[in-house]
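Written out below as C-alpha coordinates is the structure these notes cover.
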Amino acid sequence: MTKVTAFIPFVDEPTTIDLVNQLRLIQSIDKIIVFTHGLSRMPITGLEVLQLDRIESSKTIRSIAKTTETRFVLIIIKPIKINLGSFAVERFQSVANDTGAGILYSDFYETKNGNLEKHPTIDYQLGSIRDDFDFGPLLFIDTAALKTAVETMEHNFEYAGLYDLRLNLSRQKLISRIPEYLYQATETDLRNSGEKQFDYVDPKNRIVQIEMEQAATNHLKKINAFLEPNFLETEPLSDGFEVEASVIIPVKNRIKTIGDAVNSALKQKTDFPFNVIVVDNHSTDGSTELLRSLATNHKELKHNVPKRKDLMIGGCWNEALYDKSCGRFAVQLDSDDLYKDENSLQSVVNLFRKEKCAMVIGSYILTDFLLKEIPPGLINHSEWTNNNGANNALRINGLGAPRAFYTPILREIKIPNVSYGEDYFLGLTISRNYKIGRIYEPIYICRRWEGNSDSALDIYKQNNNNIYKDRLRTFEILARQKKNKTK
(Lines give C-alpha, C1' and ligand atoms only; values in the text may rest on other atoms or scores of the structure.)
Protein backbone atom coordinates (compact mmCIF):
# COMPACT_ATOMS: atom_id res chain seq x y z
CA MET A 1 0.00 0.00 0.00
CA THR A 2 1.28 3.45 -0.89
CA LYS A 3 1.71 5.71 2.10
CA VAL A 4 0.69 9.29 2.75
CA THR A 5 2.15 12.04 4.93
CA ALA A 6 -0.46 14.45 6.23
CA PHE A 7 0.43 18.07 6.92
CA ILE A 8 -2.20 19.89 8.92
CA PRO A 9 -2.28 23.38 10.46
CA PHE A 10 -2.71 23.85 14.18
CA VAL A 11 -6.07 25.58 14.55
CA ASP A 12 -6.92 25.12 18.20
CA GLU A 13 -6.55 22.15 20.50
CA PRO A 14 -10.00 20.53 20.06
CA THR A 15 -10.10 21.05 16.27
CA THR A 16 -6.57 19.77 15.75
CA ILE A 17 -7.03 16.74 18.03
CA ASP A 18 -10.20 15.84 16.16
CA LEU A 19 -8.48 15.83 12.77
CA VAL A 20 -5.47 13.96 14.12
CA ASN A 21 -7.77 11.24 15.48
CA GLN A 22 -9.48 10.94 12.10
CA LEU A 23 -6.15 10.57 10.31
CA ARG A 24 -4.84 8.00 12.78
CA LEU A 25 -7.69 5.67 11.81
CA ILE A 26 -6.58 5.65 8.16
CA GLN A 27 -4.21 2.80 7.43
CA SER A 28 -2.33 4.55 4.63
CA ILE A 29 -1.46 7.62 6.71
CA ASP A 30 2.17 7.03 7.59
CA LYS A 31 2.90 10.25 9.40
CA ILE A 32 1.02 13.29 10.68
CA ILE A 33 2.91 16.57 10.87
CA VAL A 34 1.39 19.66 12.41
CA PHE A 35 2.67 22.95 11.13
CA THR A 36 2.44 25.97 13.36
CA HIS A 37 4.07 29.30 13.97
CA GLY A 38 5.25 30.39 17.37
CA LEU A 39 3.57 27.65 19.41
CA SER A 40 6.20 26.58 21.95
CA ARG A 41 4.54 23.32 22.96
CA MET A 42 2.27 21.03 21.00
CA PRO A 43 -0.58 19.90 23.30
CA ILE A 44 -0.90 16.63 21.37
CA THR A 45 1.55 13.81 22.01
CA GLY A 46 3.16 11.63 19.37
CA LEU A 47 3.18 14.20 16.58
CA GLU A 48 5.93 15.85 14.61
CA VAL A 49 5.81 19.62 14.52
CA LEU A 50 7.10 21.97 11.85
CA GLN A 51 7.60 25.59 12.84
CA LEU A 52 6.57 27.43 9.69
CA ASP A 53 5.84 31.04 8.90
CA ARG A 54 2.83 30.48 6.64
CA ILE A 55 1.59 27.70 4.37
CA GLU A 56 1.77 30.03 1.35
CA SER A 57 5.54 30.64 1.52
CA SER A 58 8.26 29.04 -0.59
CA LYS A 59 10.09 28.16 2.63
CA THR A 60 7.11 26.11 3.77
CA ILE A 61 6.84 24.29 0.44
CA ARG A 62 10.53 23.41 0.57
CA SER A 63 10.20 22.19 4.17
CA ILE A 64 7.28 19.94 3.25
CA ALA A 65 9.18 18.48 0.31
CA LYS A 66 12.29 17.88 2.41
CA THR A 67 10.34 16.26 5.26
CA THR A 68 8.26 13.90 3.12
CA GLU A 69 9.40 10.39 2.23
CA THR A 70 6.02 8.84 1.39
CA ARG A 71 4.46 8.47 -2.06
CA PHE A 72 1.87 11.19 -1.49
CA VAL A 73 1.32 14.31 0.59
CA LEU A 74 -2.03 15.45 1.97
CA ILE A 75 -2.03 19.14 2.91
CA ILE A 76 -4.75 21.12 4.62
CA ILE A 77 -4.04 24.65 3.41
CA LYS A 78 -6.55 26.56 5.56
CA PRO A 79 -6.72 26.64 9.38
CA ILE A 80 -10.31 25.44 9.60
CA LYS A 81 -12.22 22.44 10.92
CA ILE A 82 -12.13 19.43 8.57
CA ASN A 83 -14.14 16.20 8.73
CA LEU A 84 -12.94 13.57 6.29
CA GLY A 85 -15.54 11.52 4.47
CA SER A 86 -15.62 7.75 4.50
CA PHE A 87 -12.57 6.41 2.58
CA ALA A 88 -11.76 9.92 1.35
CA VAL A 89 -8.00 9.49 1.54
CA GLU A 90 -8.23 6.10 -0.12
CA ARG A 91 -10.19 7.68 -2.97
CA PHE A 92 -7.52 10.32 -3.48
CA GLN A 93 -4.86 7.61 -3.52
CA SER A 94 -6.73 5.47 -6.02
CA VAL A 95 -7.23 8.31 -8.48
CA ALA A 96 -3.64 9.51 -8.03
CA ASN A 97 -2.30 6.03 -8.75
CA ASP A 98 -4.53 5.61 -11.79
CA THR A 99 -3.92 9.03 -13.36
CA GLY A 100 -0.46 10.08 -12.21
CA ALA A 101 -1.87 13.49 -11.29
CA GLY A 102 0.45 15.98 -9.64
CA ILE A 103 -2.35 17.60 -7.62
CA LEU A 104 -5.80 16.27 -6.82
CA TYR A 105 -8.63 18.17 -5.21
CA SER A 106 -12.33 17.50 -4.79
CA ASP A 107 -15.75 18.88 -4.14
CA PHE A 108 -16.66 19.15 -0.47
CA TYR A 109 -19.42 19.97 1.94
CA GLU A 110 -19.25 23.35 3.62
CA THR A 111 -20.63 24.31 7.00
CA LYS A 112 -21.81 27.92 7.14
CA ASN A 113 -23.55 29.28 10.22
CA GLY A 114 -24.28 25.73 11.28
CA ASN A 115 -25.80 24.72 7.94
CA LEU A 116 -24.26 22.02 5.76
CA GLU A 117 -24.14 22.97 2.08
CA LYS A 118 -22.57 21.50 -1.03
CA HIS A 119 -19.46 23.27 -2.32
CA PRO A 120 -18.65 22.03 -5.81
CA THR A 121 -15.31 23.05 -7.29
CA ILE A 122 -14.54 23.39 -11.01
CA ASP A 123 -12.15 21.61 -13.35
CA TYR A 124 -8.64 22.97 -13.77
CA GLN A 125 -7.63 24.03 -17.28
CA LEU A 126 -4.80 25.82 -19.04
CA GLY A 127 -6.37 29.18 -18.27
CA SER A 128 -6.92 28.50 -14.57
CA ILE A 129 -3.89 30.55 -13.63
CA ARG A 130 -5.65 33.12 -11.46
CA ASP A 131 -4.20 33.02 -7.97
CA ASP A 132 -7.61 32.72 -6.30
CA PHE A 133 -8.58 29.45 -8.01
CA ASP A 134 -10.75 27.51 -5.54
CA PHE A 135 -9.26 24.08 -4.85
CA GLY A 136 -10.93 23.84 -1.46
CA PRO A 137 -8.82 23.49 1.69
CA LEU A 138 -7.44 19.99 0.94
CA LEU A 139 -4.73 19.19 -1.62
CA PHE A 140 -3.43 15.71 -2.42
CA ILE A 141 0.02 15.94 -4.04
CA ASP A 142 2.38 13.49 -5.69
CA THR A 143 5.63 13.67 -3.70
CA ALA A 144 7.95 13.02 -6.62
CA ALA A 145 6.36 15.85 -8.58
CA LEU A 146 6.56 18.06 -5.50
CA LYS A 147 10.28 17.41 -5.06
CA THR A 148 10.95 18.03 -8.75
CA ALA A 149 9.07 21.31 -8.58
CA VAL A 150 10.98 22.44 -5.50
CA GLU A 151 14.30 21.71 -7.20
CA THR A 152 13.37 24.11 -10.01
CA MET A 153 11.74 26.85 -7.90
CA GLU A 154 13.49 30.13 -8.73
CA HIS A 155 12.02 32.45 -6.09
CA ASN A 156 11.72 32.73 -2.34
CA PHE A 157 8.19 33.98 -1.99
CA GLU A 158 6.65 34.89 1.32
CA TYR A 159 3.07 34.79 0.06
CA ALA A 160 3.15 33.25 -3.44
CA GLY A 161 5.03 30.01 -2.72
CA LEU A 162 1.98 27.75 -2.88
CA TYR A 163 0.76 29.54 -6.01
CA ASP A 164 4.20 29.17 -7.57
CA LEU A 165 4.19 25.45 -6.74
CA ARG A 166 0.79 24.96 -8.35
CA LEU A 167 1.86 26.70 -11.56
CA ASN A 168 5.05 24.65 -11.61
CA LEU A 169 3.15 21.38 -11.16
CA SER A 170 0.70 22.34 -13.90
CA ARG A 171 3.62 22.43 -16.33
CA GLN A 172 4.83 18.93 -15.50
CA LYS A 173 1.79 17.02 -14.25
CA LEU A 174 -1.96 16.83 -14.44
CA ILE A 175 -3.96 18.90 -11.96
CA SER A 176 -7.29 17.17 -11.63
CA ARG A 177 -10.56 17.43 -9.76
CA ILE A 178 -12.49 14.54 -8.27
CA PRO A 179 -16.15 15.57 -8.67
CA GLU A 180 -17.19 13.91 -5.42
CA TYR A 181 -17.89 15.41 -1.99
CA LEU A 182 -15.03 13.82 -0.09
CA TYR A 183 -14.95 15.88 3.12
CA GLN A 184 -16.57 18.64 5.15
CA ALA A 185 -15.05 22.03 5.92
CA THR A 186 -16.25 24.83 8.17
CA GLU A 187 -16.14 28.14 6.33
CA THR A 188 -15.00 31.11 8.41
CA ASP A 189 -15.17 33.84 5.75
CA LEU A 190 -18.89 34.53 5.50
CA ARG A 191 -18.76 37.65 3.34
CA ASN A 192 -20.81 37.85 0.16
CA SER A 193 -19.13 37.34 -3.22
CA GLY A 194 -19.56 41.05 -3.96
CA GLU A 195 -17.32 41.91 -1.01
CA LYS A 196 -14.64 39.28 -1.61
CA GLN A 197 -14.05 40.31 -5.22
CA PHE A 198 -12.24 43.49 -4.17
CA ASP A 199 -9.68 41.82 -1.89
CA TYR A 200 -6.95 41.78 -4.51
CA VAL A 201 -7.10 45.55 -5.06
CA ASP A 202 -7.10 46.38 -1.35
CA PRO A 203 -3.89 48.38 -0.68
CA LYS A 204 -3.06 46.23 2.34
CA ASN A 205 -2.66 43.24 0.01
CA ARG A 206 -0.27 45.01 -2.36
CA ILE A 207 2.84 43.04 -1.31
CA VAL A 208 0.95 39.80 -1.87
CA GLN A 209 -0.13 40.90 -5.32
CA ILE A 210 3.40 41.85 -6.36
CA GLU A 211 4.61 38.35 -5.54
CA MET A 212 1.67 36.73 -7.29
CA GLU A 213 2.41 38.77 -10.41
CA GLN A 214 6.05 37.65 -10.36
CA ALA A 215 5.02 34.01 -10.14
CA ALA A 216 2.44 34.34 -12.91
CA THR A 217 4.85 36.20 -15.19
CA ASN A 218 7.48 33.50 -14.73
CA HIS A 219 4.88 30.85 -15.58
CA LEU A 220 3.83 32.64 -18.77
CA LYS A 221 7.46 32.80 -19.85
CA LYS A 222 7.86 29.06 -19.21
CA ILE A 223 4.84 28.22 -21.38
CA ASN A 224 5.73 30.73 -24.13
CA ALA A 225 2.67 32.93 -23.52
CA PHE A 226 4.53 35.99 -22.23
CA LEU A 227 4.13 39.20 -24.22
CA GLU A 228 6.81 41.83 -24.56
CA PRO A 229 5.43 45.40 -24.34
CA ASN A 230 5.56 46.02 -28.09
CA PHE A 231 2.25 47.69 -28.87
CA LEU A 232 0.60 48.70 -32.09
CA GLU A 233 -0.78 52.22 -32.21
CA THR A 234 -4.31 52.84 -33.35
CA GLU A 235 -4.59 54.10 -36.89
CA PRO A 236 -4.94 57.84 -37.52
CA LEU A 237 -8.40 58.88 -36.48
CA SER A 238 -10.62 58.51 -39.51
CA ASP A 239 -13.61 60.55 -40.60
CA GLY A 240 -17.07 59.09 -40.86
CA PHE A 241 -18.17 59.42 -37.24
CA GLU A 242 -20.97 61.83 -36.41
CA VAL A 243 -19.56 62.42 -32.93
CA GLU A 244 -16.23 61.93 -31.23
CA ALA A 245 -17.55 59.76 -28.39
CA SER A 246 -20.61 57.79 -27.37
CA VAL A 247 -21.49 56.89 -23.82
CA ILE A 248 -23.04 53.43 -24.04
CA ILE A 249 -25.50 52.27 -21.39
CA PRO A 250 -27.12 48.82 -21.68
CA VAL A 251 -30.14 48.60 -19.40
CA LYS A 252 -32.92 46.27 -18.39
CA ASN A 253 -35.29 47.06 -15.52
CA ARG A 254 -33.27 49.69 -13.66
CA ILE A 255 -35.99 52.22 -12.95
CA LYS A 256 -34.31 53.14 -9.64
CA THR A 257 -31.01 54.14 -11.21
CA ILE A 258 -31.18 54.64 -14.99
CA GLY A 259 -32.28 58.28 -14.72
CA ASP A 260 -29.26 59.14 -12.57
CA ALA A 261 -26.93 57.33 -14.96
CA VAL A 262 -28.27 59.07 -18.07
CA ASN A 263 -28.21 62.51 -16.45
CA SER A 264 -24.65 61.89 -15.31
CA ALA A 265 -23.68 61.27 -18.94
CA LEU A 266 -25.65 64.17 -20.38
CA LYS A 267 -23.97 66.63 -17.97
CA GLN A 268 -20.49 65.94 -19.35
CA LYS A 269 -18.58 69.02 -20.55
CA THR A 270 -16.30 68.38 -23.52
CA ASP A 271 -14.46 70.10 -26.36
CA PHE A 272 -16.00 67.63 -28.80
CA PRO A 273 -19.51 66.48 -29.74
CA PHE A 274 -20.80 63.36 -28.02
CA ASN A 275 -24.01 61.43 -27.56
CA VAL A 276 -25.46 58.89 -25.16
CA ILE A 277 -26.73 55.59 -26.56
CA VAL A 278 -28.99 53.66 -24.19
CA VAL A 279 -29.75 50.13 -25.35
CA ASP A 280 -33.00 49.32 -23.58
CA ASN A 281 -33.24 45.53 -23.51
CA HIS A 282 -37.06 45.38 -23.35
CA SER A 283 -37.50 46.72 -19.83
CA THR A 284 -40.84 46.09 -18.12
CA ASP A 285 -40.51 48.15 -14.94
CA GLY A 286 -41.04 51.66 -16.33
CA SER A 287 -37.46 52.22 -17.50
CA THR A 288 -38.58 52.34 -21.14
CA GLU A 289 -41.12 55.10 -20.50
CA LEU A 290 -38.62 57.14 -18.51
CA LEU A 291 -36.04 56.86 -21.29
CA ARG A 292 -38.54 57.90 -23.92
CA SER A 293 -39.33 61.00 -21.91
CA LEU A 294 -35.66 61.86 -21.45
CA ALA A 295 -34.95 61.33 -25.17
CA THR A 296 -37.74 63.77 -26.05
CA ASN A 297 -35.96 66.51 -24.15
CA HIS A 298 -32.36 65.63 -25.09
CA LYS A 299 -31.56 65.17 -28.78
CA GLU A 300 -28.13 63.76 -27.91
CA LEU A 301 -29.79 60.83 -26.10
CA LYS A 302 -30.40 57.87 -28.41
CA HIS A 303 -32.95 55.41 -27.03
CA ASN A 304 -32.36 52.11 -28.80
CA VAL A 305 -34.77 49.19 -28.27
CA PRO A 306 -33.32 46.16 -30.12
CA LYS A 307 -35.49 44.02 -32.38
CA ARG A 308 -33.83 40.91 -30.97
CA LYS A 309 -34.94 39.55 -27.62
CA ASP A 310 -32.00 37.23 -27.01
CA LEU A 311 -29.43 39.89 -26.20
CA MET A 312 -27.35 40.05 -23.07
CA ILE A 313 -24.93 42.83 -22.11
CA GLY A 314 -22.41 41.99 -24.83
CA GLY A 315 -25.14 41.82 -27.46
CA CYS A 316 -26.51 45.19 -26.33
CA TRP A 317 -23.05 46.68 -26.73
CA ASN A 318 -22.88 45.35 -30.28
CA GLU A 319 -26.22 47.01 -31.00
CA ALA A 320 -24.78 50.35 -29.90
CA LEU A 321 -21.46 49.89 -31.69
CA TYR A 322 -23.10 49.24 -35.05
CA ASP A 323 -25.59 52.08 -34.66
CA LYS A 324 -24.79 54.76 -37.24
CA SER A 325 -24.73 57.34 -34.45
CA CYS A 326 -21.96 55.59 -32.52
CA GLY A 327 -18.92 57.77 -32.01
CA ARG A 328 -15.22 57.21 -32.62
CA PHE A 329 -14.80 56.19 -28.98
CA ALA A 330 -17.29 54.01 -27.13
CA VAL A 331 -17.33 54.70 -23.39
CA GLN A 332 -18.95 52.52 -20.74
CA LEU A 333 -21.49 53.59 -18.17
CA ASP A 334 -23.45 50.91 -16.29
CA SER A 335 -27.11 51.58 -15.68
CA ASP A 336 -26.70 51.86 -11.90
CA ASP A 337 -23.45 53.88 -11.86
CA LEU A 338 -22.45 57.50 -12.39
CA TYR A 339 -19.57 59.54 -13.71
CA LYS A 340 -17.76 61.24 -10.83
CA ASP A 341 -18.05 64.71 -12.30
CA GLU A 342 -18.64 66.59 -15.55
CA ASN A 343 -15.05 66.10 -16.75
CA SER A 344 -14.89 62.29 -16.83
CA LEU A 345 -15.60 61.85 -20.54
CA GLN A 346 -13.09 64.52 -21.51
CA SER A 347 -10.40 62.77 -19.44
CA VAL A 348 -10.99 59.51 -21.30
CA VAL A 349 -10.84 61.04 -24.77
CA ASN A 350 -7.74 63.08 -23.87
CA LEU A 351 -5.89 59.86 -23.06
CA PHE A 352 -6.99 58.20 -26.30
CA ARG A 353 -5.63 61.15 -28.23
CA LYS A 354 -2.38 61.31 -26.28
CA GLU A 355 -1.40 57.63 -26.20
CA LYS A 356 -3.07 56.28 -29.38
CA CYS A 357 -4.29 53.31 -27.38
CA ALA A 358 -7.19 51.04 -28.28
CA MET A 359 -8.70 50.90 -24.79
CA VAL A 360 -8.78 53.21 -21.78
CA ILE A 361 -9.64 52.09 -18.26
CA GLY A 362 -10.35 54.57 -15.50
CA SER A 363 -10.67 54.31 -11.74
CA TYR A 364 -13.74 54.41 -9.57
CA ILE A 365 -14.97 54.99 -6.07
CA LEU A 366 -17.08 52.30 -4.44
CA THR A 367 -20.25 53.60 -2.76
CA ASP A 368 -23.54 52.37 -1.39
CA PHE A 369 -26.84 53.19 -3.10
CA LEU A 370 -26.94 56.64 -1.46
CA LEU A 371 -23.45 57.40 -2.82
CA LYS A 372 -21.70 57.12 0.53
CA GLU A 373 -18.18 55.77 0.08
CA ILE A 374 -17.65 52.20 1.33
CA PRO A 375 -14.46 50.12 1.75
CA PRO A 376 -12.11 49.72 0.05
CA GLY A 377 -13.07 53.07 -1.49
CA LEU A 378 -10.90 53.95 -4.48
CA ILE A 379 -10.35 51.10 -6.96
CA ASN A 380 -7.60 52.19 -9.32
CA HIS A 381 -5.81 48.93 -10.18
CA SER A 382 -2.41 50.41 -9.37
CA GLU A 383 -0.94 46.96 -10.02
CA TRP A 384 -1.12 47.71 -13.75
CA THR A 385 2.11 48.62 -15.50
CA ASN A 386 2.68 49.35 -19.16
CA ASN A 387 5.50 46.80 -19.23
CA ASN A 388 3.61 43.88 -17.68
CA GLY A 389 -0.06 44.74 -17.50
CA ALA A 390 -0.94 42.61 -20.51
CA ASN A 391 0.58 39.56 -18.79
CA ASN A 392 -0.74 40.23 -15.30
CA ALA A 393 -4.21 40.57 -16.82
CA LEU A 394 -4.26 36.78 -17.16
CA ARG A 395 -3.85 36.37 -13.40
CA ILE A 396 -6.59 38.65 -12.15
CA ASN A 397 -10.35 38.54 -12.66
CA GLY A 398 -10.97 42.10 -13.83
CA LEU A 399 -9.16 45.13 -15.20
CA GLY A 400 -11.22 47.95 -13.73
CA ALA A 401 -13.78 50.53 -14.79
CA PRO A 402 -14.96 52.52 -16.56
CA ARG A 403 -13.83 50.99 -19.83
CA ALA A 404 -13.66 52.82 -23.13
CA PHE A 405 -12.75 51.60 -26.60
CA TYR A 406 -11.62 52.76 -30.00
CA THR A 407 -14.75 51.87 -31.96
CA PRO A 408 -13.14 50.55 -35.20
CA ILE A 409 -11.16 47.95 -33.26
CA LEU A 410 -14.17 46.95 -31.19
CA ARG A 411 -16.19 46.46 -34.37
CA GLU A 412 -13.41 44.24 -35.68
CA ILE A 413 -13.23 42.10 -32.52
CA LYS A 414 -16.97 41.76 -31.85
CA ILE A 415 -18.26 41.31 -28.30
CA PRO A 416 -19.54 37.95 -27.03
CA ASN A 417 -23.27 37.98 -26.30
CA VAL A 418 -22.89 37.29 -22.57
CA SER A 419 -23.69 39.19 -19.40
CA TYR A 420 -20.51 38.31 -17.55
CA GLY A 421 -16.90 38.48 -18.68
CA GLU A 422 -17.47 40.35 -21.95
CA ASP A 423 -15.39 43.26 -20.67
CA TYR A 424 -12.63 40.92 -19.53
CA PHE A 425 -12.59 39.27 -22.95
CA LEU A 426 -12.09 42.66 -24.56
CA GLY A 427 -9.29 43.60 -22.18
CA LEU A 428 -7.40 40.37 -22.83
CA THR A 429 -7.91 40.46 -26.58
CA ILE A 430 -6.99 44.12 -27.02
CA SER A 431 -3.93 43.88 -24.75
CA ARG A 432 -2.49 41.15 -26.97
CA ASN A 433 -1.66 43.78 -29.59
CA TYR A 434 -2.52 47.25 -28.34
CA LYS A 435 -1.71 49.44 -25.41
CA ILE A 436 -4.34 49.95 -22.74
CA GLY A 437 -4.30 53.44 -21.29
CA ARG A 438 -4.97 53.92 -17.57
CA ILE A 439 -6.43 56.79 -15.57
CA TYR A 440 -5.57 56.34 -11.90
CA GLU A 441 -7.69 59.19 -10.55
CA PRO A 442 -11.36 58.43 -9.90
CA ILE A 443 -13.66 59.36 -12.76
CA TYR A 444 -16.54 56.99 -11.98
CA ILE A 445 -18.81 56.06 -9.08
CA CYS A 446 -19.72 52.39 -8.71
CA ARG A 447 -22.78 51.73 -6.60
CA ARG A 448 -22.91 48.53 -4.58
CA TRP A 449 -26.46 47.55 -3.67
CA GLU A 450 -28.77 44.57 -3.69
CA GLY A 451 -29.59 45.21 -7.33
CA ASN A 452 -26.04 44.50 -8.51
CA SER A 453 -25.83 41.34 -10.57
CA ASP A 454 -22.78 40.14 -8.61
CA SER A 455 -23.62 41.34 -5.10
CA ALA A 456 -24.28 37.93 -3.53
CA LEU A 457 -23.76 35.00 -5.89
CA ASP A 458 -24.25 31.41 -4.79
CA ILE A 459 -21.45 28.92 -5.39
CA TYR A 460 -23.05 27.57 -8.58
CA LYS A 461 -23.21 31.01 -10.21
CA GLN A 462 -19.68 31.81 -9.03
CA ASN A 463 -18.46 28.56 -10.56
CA ASN A 464 -20.18 29.26 -13.88
CA ASN A 465 -18.59 32.71 -13.99
CA ASN A 466 -15.15 31.36 -13.11
CA ILE A 467 -15.38 28.55 -15.67
CA TYR A 468 -16.13 31.12 -18.36
CA LYS A 469 -13.27 33.44 -17.43
CA ASP A 470 -10.87 30.51 -17.13
CA ARG A 471 -11.95 29.46 -20.61
CA LEU A 472 -11.32 32.98 -21.90
CA ARG A 473 -7.86 32.80 -20.38
CA THR A 474 -7.29 29.42 -22.03
CA PHE A 475 -8.24 30.86 -25.42
CA GLU A 476 -5.99 33.86 -24.84
CA ILE A 477 -2.98 31.82 -23.71
CA LEU A 478 -3.30 29.65 -26.81
CA ALA A 479 -3.53 32.77 -28.98
CA ARG A 480 -0.44 34.28 -27.36
CA GLN A 481 1.50 31.04 -27.73
CA LYS A 482 0.58 31.02 -31.41
CA LYS A 483 1.64 34.64 -31.76
CA ASN A 484 4.99 34.00 -30.09
CA LYS A 485 5.58 30.87 -32.17
CA THR A 486 5.12 32.76 -35.44
CA LYS A 487 7.47 35.64 -34.56
Side-chain angles (χ1 to χ4, degrees), residues 56 58 61 102-103 124-133 145 148-175 200-201 206-234 355-359 361 381-400 409 413 421 423-438 466 469-487:
E56 300 87 1
S58 299
I61 302 306
I103 297 179
Y124 198 87
Q125 56 180 298
L126 177 65
S128 299
I129 72 167
R130 54 193 166 86
D131 56 75
D132 64 349
F133 187 89
T148 299
V150 165
E151 289 174 358
T152 59
M153 286 172 66
E154 301 173 2
H155 300 278
N156 289 306
F157 291 124
E158 186 176 359
Y159 300 98
L162 187 60
Y163 176 54
D164 189 34
L165 171 69
R166 179 246 292 188
L167 295 176
N168 190 312
L169 287 173
S170 74
R171 297 193 296 270
Q172 60 163 305
K173 283 277 191 174
L174 177 71
I175 295 179
Y200 76 102
V201 291
R206 186 72 189 107
I207 296 176
V208 178
Q209 295 304 311
I210 290 172
E211 287 197 358
M212 296 293 186
E213 179 176 356
Q214 291 174 344
T217 301
N218 180 63
H219 175 68
L220 292 173
K221 290 178 178 178
K222 298 286 187 184
I223 64 172
N224 197 33
F226 175 82
L227 293 180
E228 297 288 350
N230 300 319
F231 304 112
L232 300 174
E233 291 186 351
T234 53
E355 298 194 0
K356 295 183 174 58
C357 47
M359 181 177 181
I361 305 175
H381 286 268
S382 59
E383 80 283 349
W384 182 275
T385 63
N386 286 334
N387 284 337
N388 204 47
N391 297 301
N392 196 40
L394 286 163
R395 178 185 67 86
I396 59 179
N397 248 354
L399 303 185
I409 288 177
I413 292 173
D423 50 344
Y424 187 62
F425 161 81
L426 292 172
L428 292 182
T429 305
I430 289 172
S431 69
R432 191 190 316 155
N433 296 302
Y434 294 94
K435 182 178 181 180
I436 294 180
R438 305 293 308 217
N466 284 325
K469 280 194 173 178
D470 282 358
R471 182 59 64 185
L472 291 178
R473 279 182 273 264
T474 295
F475 293 156
E476 185 61 25
I477 287 172
L478 292 171
R480 294 182 183 197
Q481 288 174 329
K482 180 180 179 180
K483 178 181 179 178
N484 288 337
K485 189 175 181 180
T486 56
K487 283 182 179 178

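Residues take their numbers from the sequence shown, with the count starting at 1.
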Residue pair Leu428, Phe475: steps toward the side chain to side chain contact (heavy atoms under 4.5 Å, CB included) verdict
CA-CA 10 Å; Leu428 292 182; Phe475 293 156; over 6 Å; no
Side chains of residues 219-226: which donor-acceptor pairs under 3.5 Å do they make with residues two or more places apart or in other chains?
unit_1, atom_1, unit_2, atom_2, d
His219, ND1, Arg171, NH1, 2.9
Lys222, NZ, Glu154, OE2, 2.7

In chain order, what residues pass the side-chain contact (heavy atoms from CB on, under 4.5 Å) check against Leu478, with sequence neighbours excluded?
Leu126, Thr474, Gln481
So which atom in Tyr163 and which in Ala216 form the shortest heavy-atom distance, rounded to 0.1 Å?
OH-CB, 3.4 Å
Test log, rule side chain to side chain contact (heavy atoms under 4.5 Å, CB included), inputs Ile396 and Asp132:
CA-CA 8 Å; Ile396 59 179; Asp132 64 349; over 6 Å; no
Under 3.5 Å, is there a donor-acceptor pair between the side chain of Tyr434 and the main chain of Thr429?
no
Apply side chain to side chain donor-acceptor pair (under 3.5 Å) to Asn388 and Glu213, showing your working.
CA-CA 9 Å; Asn388 204 47; Glu213 179 176 356; 2.8 Å; yes
Begin with the C-alpha distance, continue with both residues' side-chain angles, and end with the deciding distance and a verdict on side chain to side chain donor-acceptor pair (under 3.5 Å) for Asp470 and Ser128.
CA-CA 5 Å; Asp470 282 358; Ser128 299; 3.0 Å; yes
Do Thr152 and Gln172 come close enough that some side-chain heavy atom pair is under 4.5 Å?
no
How far apart are the C-alpha atoms of Tyr124 and Arg166, what are their side-chain angles, what is the distance that settles it, and do they pass the side chain to side chain donor-acceptor pair (under 3.5 Å) test?
CA-CA 11 Å; Tyr124 198 87; Arg166 179 246 292 188; 3.3 Å; yes
Does some side-chain heavy atom of Leu399 sit less than 4.5 Å from a side-chain heavy atom of Trp384?
yes
Shortest non-hydrogen pair, Ala215 vs Leu167, comes out as O-CD1, 3.7 Å
Please check if the side chain of Tyr159 supplies one atom and the backbone of Ile210 the other of a donor-acceptor pair under 3.5 Å.
no
